[in-house]
Each structure stands twice: as C-alpha cells, then as structure tokens.
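First the structure, in the form of structure tokens, and then the observations on it.
Letters A, B, ... mirror the listed sequences (proteins, then strands); counts begin at 1.
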Protein chains: 2
Amino acid sequence: MNNKPLLDYINKYVNLTIEEETLLLSKIVNRNYLKNQYIVQQGEICKSANFIISGCTKTFHMDLEGQEHIVMFSIEDWWTSDLGSFITQTPADFNVQCIENTQLIQFTFDNLEALYKEIPKLERLFRKIVERAFVASQKRIIRNFSLTAKERYQIFKNTYPKIEQRVPQYMIASYLGVTKEFLSKIKSQITQNQ
Amino acid sequence: MNNKPLLDYINKYVNLTIEEETLLLSKIVNRNYLKNQYIVQQGEICKSANFIISGCTKTFHMDLEGQEHIVMFSIEDWWTSDLGSFITQTPADFNVQCIENTQLIQFTFDNLEALYKEIPKLERLFRKIVERAFVASQKRIIRNFSLTAKERYQIFKNTYPKIEQRVPQYMIASYLGVTKEFLSKIKSQITQNQ
DNA sequence: AATAGATGTTAATCTAGTTTAACATCATTT
DNA sequence: AAATGATGTTAAACTAGATTAACATCTATT
C-alpha cells in the first residue's frame, strides 16, 4: 500500500489534519490492473476516480464505425477516469484501458460524496481538479481547430516527451486525430527538414 | 436590478439563508453591454464569471491566420466567461462578444474567492458549474472527431433550436468548424432529401 | 429610392488528410 | 529457426471540406 504519492498530491491543494488523512485513507481502495485490462468501459457507469501510483492508461472513445479516438494518456501522479460519467453517474462515453501494468488508488462515487460531507475542504480540492481537467479539455479543442496535424504532433512531443517514448506510434496518431500512415508521413517530413 | 434569475439558478444547487443571499448580492455587479461589445478579450485576464439575465454572446478563439472559431453561444440563464482564464487568472484564449444587447451579473475573481470563505457551500455550487462545463467540453470533442459536419449541424439544430434561429449562418458555420459555403451546401443537401 | 454593408448561395478548383495495399521490422511463441 | 502477430513505412488513388470568386438578397442609412 503506497499511499504517499496521493497524500503529497492532495497536500499541494489543501492541508489535511492527521484525523482527516486517516479518514480519507479509510475510504480508498488500492488496486492493480494488468496491461490491456479496462478500468472503465464505454456504456457502463464509471464508478471511480482513480489516482495512478504507477503505470500508464489511455482514454478513448469508440465511434459507430469501430474507430478508436484517444483523448488522453495518463501516467503516475495523474488522475484517470471518465470524469464526465463519474460526475453525472451516467453511461461513459470513454474507455479507460491500461497500456502497462497499472497500480492505482480508487475513490468510489459514494465514498467521495461521504468524504465531501465529512471534510468539506475536499470540495475545494475536487473543484480544482475538475477545473484543471476543464482547462486541458478547452486547450485541446483550440489546438484541434486552429493547428495542423504536424503542429499538434510537435506540441505533443514537447509537452509529453515521456509519453511519446512510452506509447506506440499508432496510438499517438489516434490521439492527434490522424491515421498512423499520415503520422508516419509527418515524421519523415520533420526528419528531412533537419 | 433583476437578480431573481440568478437566485433561482443558485437555489437549484444549494440552499442559501436570507443572510447568505444578502451577502452574495452585495458582492455582485449588474452590468449592461451593447451588441458587438466585448466582455472578455483574448490575451487579457478574464476578470469575471458572468451570469446572463438577457441577451446573447459568442465565445470564440482567433487563430494566427485571423480566423474566428466559435466554441459556444450563451443566452439567458447560462454562464459566459473564459472560464479557463478566470480559473487560472492567466491570459484568455477566447473572446466573449455580445451578439445582442446583453444584461448580466458579474462575479469578480476576488469577490468569488471571498464568497467561498464566507459561504463554503458555494464551493460546491461552482464545482458543479465547472463539472457541467467540463462535460459539455468533452462531448464537443467527441462530436468533432466522430461525426461529419452534417451530423454535427443536425445535432446543433436539435439541441439549440432557439440559438439556431437567433444567430447568423456564418457564425453557426464557425461553431461547427466548417466554412459558411460548406454549411450552405449541407443545408441544401438536407432540404433536397425531404 | 438608391447606395452600401452585411449575409447567403452556387459552382469550379484545390488540398490536407484518408484509404488501400504491399512491404519492412521486430518480438514472442512453437 | 521458422512462423505468427504486432508495429511501422511508403506510395498511389481518393474524398471531405476549403478556397475563390461571382452573384443574390436583405437591411439600414442617406
């Protein structure tokens, strides 16, 4: 049970007393997933908000043609979930699947609601988490309509160099919203110009 | 000073005492904007969260080529702001401009922070507002990559019939992420098939 | 009522990104 | 070491949507 990364993370936003920490830890579940396992499946209600201790996940939507569209990769010290489904307790639009063996800490919806009542300042913490998720979502929309695929790739590479190393090219293509063939073309264009 | 729509709205999420209502009303500003005036300008820090009493606004990003990309229209009983800029108090990515004369209620960043301290349950209210904004943002991302322009137009028409009547076609094209010429083509395709 | 400016349509040409398909490379299993 | 499957590359033909440009319609102002 390695809960330190979570407590360190929370302490960046709000200060908990020892009693509050103990209460919080009593409401979480530590869980391990194997590579390729699903944490959330599209169509089911997302039952937990998950803080990653180790590993890597992809969050993707599968459209009516059966095509995967990745919206996010998550690694250590990040959250992963279908936050929209979790928040509204309605069927998920996204799948969250492990692309490495992944160890995480889960907050169920009911436990989190109970925690809000007992530790109101967590309301502030989760407001800030949702705010950050919202800002990231908005920035992604802007990038998608105002930049070319090549520009988006370069920003991705600079912003998440660790992730670029860690996940296969065809998943990065899906994240960027292009085919793997076109990403291959972009990469050869970039290496030719330097 | 017509503050009733705001109080009705808030009461759907949290119950305020008379004293809390009075305190809250002391921290807001009522303001009128004329058609074409800007509530937020890209590059400036967004100073207020705005609740619309009457009127209509568009929220758009201007890219490096000078092209407008509308991400949202807002009408009565909705919020309008560059929420990302407001939350983080960093330069706005978006412009918010009135497309009709617009009457709104403004919360400044500092006043809202003060209100959180004095009325902690407002933390819950604004968590929920941000959650809803986040969900809408995610749904828009999914629509943009999994649907064609024609499908997106039909969803827009069904979801916001009032707005479709109220704003010019070229703004709807910008919202959908296509040129006004292509939207015109889509519309003639639709009318031909019925 | 005439002019100007804002909005909408149609049609031809163009392009960023897709599709298909053939082949290359690498790791894992038998 | 051979076979299988997962990943990556290249190139040709194709398409959704953009661009350009000419014209139509509708206001609002003088």
[X] [atom1] - [N] [atom2] separation (whole Å):
X: B/Ile172; N: C/dA6; atom1: CD1; atom2: P; value: 19 Å
X: B/Asn36; N: C/dG5; atom1: CG; atom2: C1'; value: 13 Å
X: A/His69; N: C/dT18; atom1: NE2; atom2: P; value: 11 Å
X: A/Tyr153; N: C/dG17; atom1: OH; atom2: C1'; value: 17 Å
X: B/Glu181; N: D/dA24; atom1: CD; atom2: C1'; value: 14 Å
X: B/Lys185; N: C/dA12; atom1: NZ; atom2: P; value: 10 Å
X: A/Glu68; N: D/dA6; atom1: CD; atom2: P; value: 13 Å
X: A/Glu164; N: D/dT7; atom1: CD; atom2: P; value: 16 Å

Notebook entry, point to check: For A/Leu147 and B/Phe182, take the nucleotide of DNA chain C holding the closest heavy atom to each; which residue's nucleotide lies nearer the 5' end?
Noted result: B/Phe182
Given [options], which nucleotide is nearest the side-chain atoms of [X]?
X: B/Arg152; options: D/dG17, D/dG8, C/dG8; result: D/dG17
X: B/Tyr170; options: D/dT7, C/dG17, C/dG8; result: C/dG8
X: A/Ser184; options: D/dT10, C/dT7, C/dT10; result: D/dT10

Item checked: No-hydrogen, no-angle side-chain donor-acceptor test under 3.5 Å, A/Thr108 and A/Asp110 -> no
Margin query: As a test of understanding, state which of A/Ile10, A/Leu125, A/Leu23, A/Thr22 forms a side chain to side chain contact (heavy atoms under 4.5 Å, CB included) with A/Leu16.
Written below: A/Ile10
Next item on the list: May I ask you to say whether A/Glu181 pairs ionically with A/Lys185, meaning some side-chain N is under 4.0 Å from a carboxylate O?
Entry: no
Notebook entry, point to check: Should A/Thr179 be listed as having a side-chain N or O under 4.0 Å from OP1 or OP2 of C/dT18?
Noted result: yes
Check: Is the A/Tyr160-A/Phe73 ring centre distance short of 6.0 angstrom?
Finding: no
